[in-house]
Number of protein chains: 2
Amino acid sequence: MSRVTIKEIARRCGVSQGAVSYALNNQPGVSEATRARVLKVAAELEWVPNRAARQLSAARSETFGLVLARTAQTLIEEPYFMGFVGGIESVLGEKSYALALQVVADLDEELATYRKWAAERRVDGVIVVDLRVADPRIPVLRKLGLPAVLVGDPALADGMPCAWTDGAAAMNAALDHVASLGHRVVARVAGPPEFGDVWIRDQAYELATRRLALSASTHHTDYSATQGATATRDVLTSNPRATAIIYDNDLMAVAGLSVVQGLGLRTPDDITLVAWDDSALCRITHPTLTALSHNIVGYGAEVTHRLLDLLAGATPQSHLYSTPLLIIRDSSGPPPTVRLRG
Amino acid sequence: MSRVTIKEIARRCGVSQGAVSYALNNQPGVSEATRARVLKVAAELEWVPNRAARQLSAARSETFGLVLARTAQTLIEEPYFMGFVGGIESVLGEKSYALALQVVADLDEELATYRKWAAERRVDGVIVVDLRVADPRIPVLRKLGLPAVLVGDPALADGMPCAWTDGAAAMNAALDHVASLGHRVVARVAGPPEFGDVWIRDQAYELATRRLALSASTHHTDYSATQGATATRDVLTSNPRATAIIYDNDLMAVAGLSVVQGLGLRTPDDITLVAWDDSALCRITHPTLTALSHNIVGYGAEVTHRLLDLLAGATPQSHLYSTPLLIIRDSSGPPPTVRLRG
DNA sequence: CGTCGTTACTTAACCGGTTCGGCTTACCAG
DNA sequence: CTGGTAAGCCGAACCGGTTAAGTAACGACG
């Protein structure tokens with residue numbers, strides 16, 4: 001209602017608009033006495049800066065962008081994203097930055113969004129998720145000069161600033177766990193192979209199963225519950241049958257558990273299940289799921305801090321956030337001594 | 001980087017800035033010939049309007065606001081919100097509107113956010129979720145003159161424009177279902193009583209159980225998996241024991257299923273479970289969960305359309321989106337003939 | 001005492017659009 | 001031929017800030 005502007009404050013304080021601007025932005029050019037007076041009046045009038053005006057003149061939007069190239073369905077199913085967004089928000093909220101969130105169908109639309117944002121000066125920087133192998137977004141962002149923090153392994157980031165969790169180490173931990181329980185045949189229900197994280201884990205899985213002399217198979221999916229279930233069914237009906245399955249997210253692990261139960265098998269007696277991205281899901285199933293747990297909210301917050309740093313002039317670098325921690329719950333145990341059809 | 005402005009277009013077309021603005025905004029005041037020429041040049045130069053500038057002069061932000069007063073944890077756990085946000089986005093995206101999303105701790109912070117947004121002219125309108133009984137946000141939004149669409153029953157909206165799903169009808173359907181299966185003792189694991197939706201359902205539950213002459217109890221929770229599990233345990237150990245439980249969301253239903261299995265009971269043989277907000281969760285458990293299903297993505301889209309209409313000058317009104325549909329799956333069946341401790 | 005450097009401002013241009021009053025010009029009725 | 005009207009366009013103010021450049025006052029210093 002009040003529509004308080006800097007001009008009004010200037011009038012009341014008997015100084016110029018410019019002086020008020022300096023005072024409010026904590027910049028040199030005004031005496032402490034004046035600054036205090038201005039701040040007091042601004043507070044009294046409940047002045048709030050007009051974002052558009054500031055943005056127009058300062059060429060800063062105080063907005064970060066996040067594009068999610070996933071179907072609405074995936075976004076609903078996977079708790080991951082909301083957690084990540086929540087983490088971003090928690091940091092931006094207190095800096096009074098805003099988040100521009102856009103959900104698109106595919107990478108091309110994502111690129112178009114970046115181009116549009118860059119042209120509109122809509123965002124100061126972007127957070128890029130679901131990094132791919134040889135990700136086409138990297139050259140585009142470079143060309144646009146749009147500051148960005150990539151969420152993913154430095155091996156995928158091509159020198160751009162990134163934040164990552166050590167998926168390879170986590171995969172090793174998971175395989176060490178099942179191997180030490182005595183499993184000799186394992187399976188991996190993975191996400192889409194073009195995703196960087198999946199690729200990293202594929203490599204690690206390959207290496208670790210060889211190191212541990214495990215018989216191994218990998219089943220790629222689209223991360224959905226449906227394909228997680230199908231892949232699980234495939235694993236359970238193949239010969240020799242795996243006695244432990246490692247999933248790339250928790251949704252597929254839960255779906256897998258359901259398939260196991262539907263076939264009349266028991267966990268962990270008949271089969272060991274290990275999930276990734278430990279959300280509440282893993283704790284509310286029966287039995288509870290052993291999972292590679294990491295703090296997704298914290299991850300989102302971390303990435304956001306990196307982007308803020310970057311805009312503040314920090315030198316771009318990759319930043320290891322954490323290594324997912326193996327939380328052992330009820331879904332993992334020794335393999336059955338008598339193998340089915342083995 | 002081209003940084004194409006309206007001025008540049010004007011120069012190239014040999015007309016004034018103002019004329020270009022009229023042409024680009026499809027407003028009268030320029031000839032068709034000129035308009036065509038301007039549009040052609042604008043397209044060639046790949047001109048994109050600068051949001052800030054437009055916002056500053058037109059006093060429209062082309063942004064809607066959504067505040068979620070929930071803990072980050074709830075947001076991660078409940079698939080509901082991401083779906084809703086996805087629905088909003090799907091509409092806003094094509095109108096090139098933006099969504100300002102803010103996650104806060106409580107209602108007071110939510111109110112503060114509205115005040116700030118109104119003062120900053122940050123948003124053109126807001127979408128208000130988690131409507132309460134005698135919601136304090138309603139008078140504040142009225143006073144701020146901030147256009148809003150409330151998500152909830154007209155009985156709670158106090159005359160403000162709203163969009164809702166018929167929770168009472170859904171509750172009736174659920175109780176008719178379990179009653180027709182032969183259940184005589186039912187329980188309801190509900191959300192927090194101060195939430196309007198919960199209140200509506202409480203009323204409907206009360207009426208319907210009386211109508212059907214069912215013995216009934218209600219257990220209020222905070223919607224979390226933990227409290228859903230606790231409430232389920234309470235239900236299962238009370239005497240006479242309910243043979244059917246109706247949950248207020250799917251997360252608690254899944255948690256409840258896990259408790260049931262943990263106690264060595266079977267579903268639906270020993271107990272019938274009915275969930276609300278049918279997300280993927282209900283289909284990936286074993287057994288699959290009978291649920292009151294509604295299209296949350298569509299709901300978000302609907303609400304957004306209502307807000308757009310409102311800003312376009314439509315008369316405020318309440319709008320019934322749909323009635324949740326009872327999807328019968330494996331978790332509901334006749335009650336056990338021999339009651340435990342009954 | 002003149003000069004130089006600071007400090008504390010003021011002034012005004014600028015960001016990139018929108019919008020309104022007013023000026024031309026063309027056209028038509030009287 | 002004149003007056004009125006409307007379409008088409010121009011110029012400039014304006015939205016609410018930021019910021020470079022200019023200025024007045026003052027103290028220090030050779």
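Just so it is clear: chains get the letters A, B, ... in the order the sequence lines come, proteins before strands, and each one is counted from 1.
Side-chain contact check for A:Pro136 versus A:Leu107: some heavy-atom pair is nearer than 4.5 Å.
Scanning atom types as modelled, no donor and acceptor separated by under 3.5 angstrom connect the side chain of B:Tyr22 and the base of D:dA7.
Listed pair A:Ser31 / C:dC9 meets the phosphate criterion, a side-chain N or O lying under 4.0 Å from OP1 or OP2. A close approach under 4.0 Å does occur between a side-chain nitrogen or oxygen of A:Ser16 and OP1 or OP2 of C:dT10. Between C:dG17 and B:Trp47, a contact under 4.0 Å exists linking OP1 or OP2 to a side-chain N or O. Phosphate contact (OP1/OP2 of C:dG17, side-chain N/O of B:Ser57, threshold under 4.0 Å): absent. Dashed line: the shortest gap from a side-chain N or O of B:Asn50 to OP1 or OP2 of C:dC15 is not under 4.0 Å. Here A:Arg54 reaches the OP1 or OP2 of D:dT18: one of its side-chain N or O atoms lies under 4.0 Å away. A sub-4.0 Å separation between OP1 or OP2 of C:dC9 and a side-chain N or O of A:Thr34 is present.
B:Arg132 forms a cation-pi arrangement with B:Phe195, by the criterion of a distance under 6.0 Å to the ring centre and an angle within 45° of the ring axis.
Here the side chain of B:Ala58 is nearest to one of C:dG16, C:dT18, D:dG11, namely C:dT18.
Ion pairing between a basic and an acidic side chain is recognised when a charged N comes within 4.0 Å of a carboxylate O; A:Glu62 and A:Lys95 show no such pairing.
At the heavy-atom level, A:Gln55 lies nowhere under 4.0 Å from the strands shown. Among the protein residues, B:Ser21 comes within range of the nucleic acid bases, having at least one heavy atom under 4.0 Å from a base atom.
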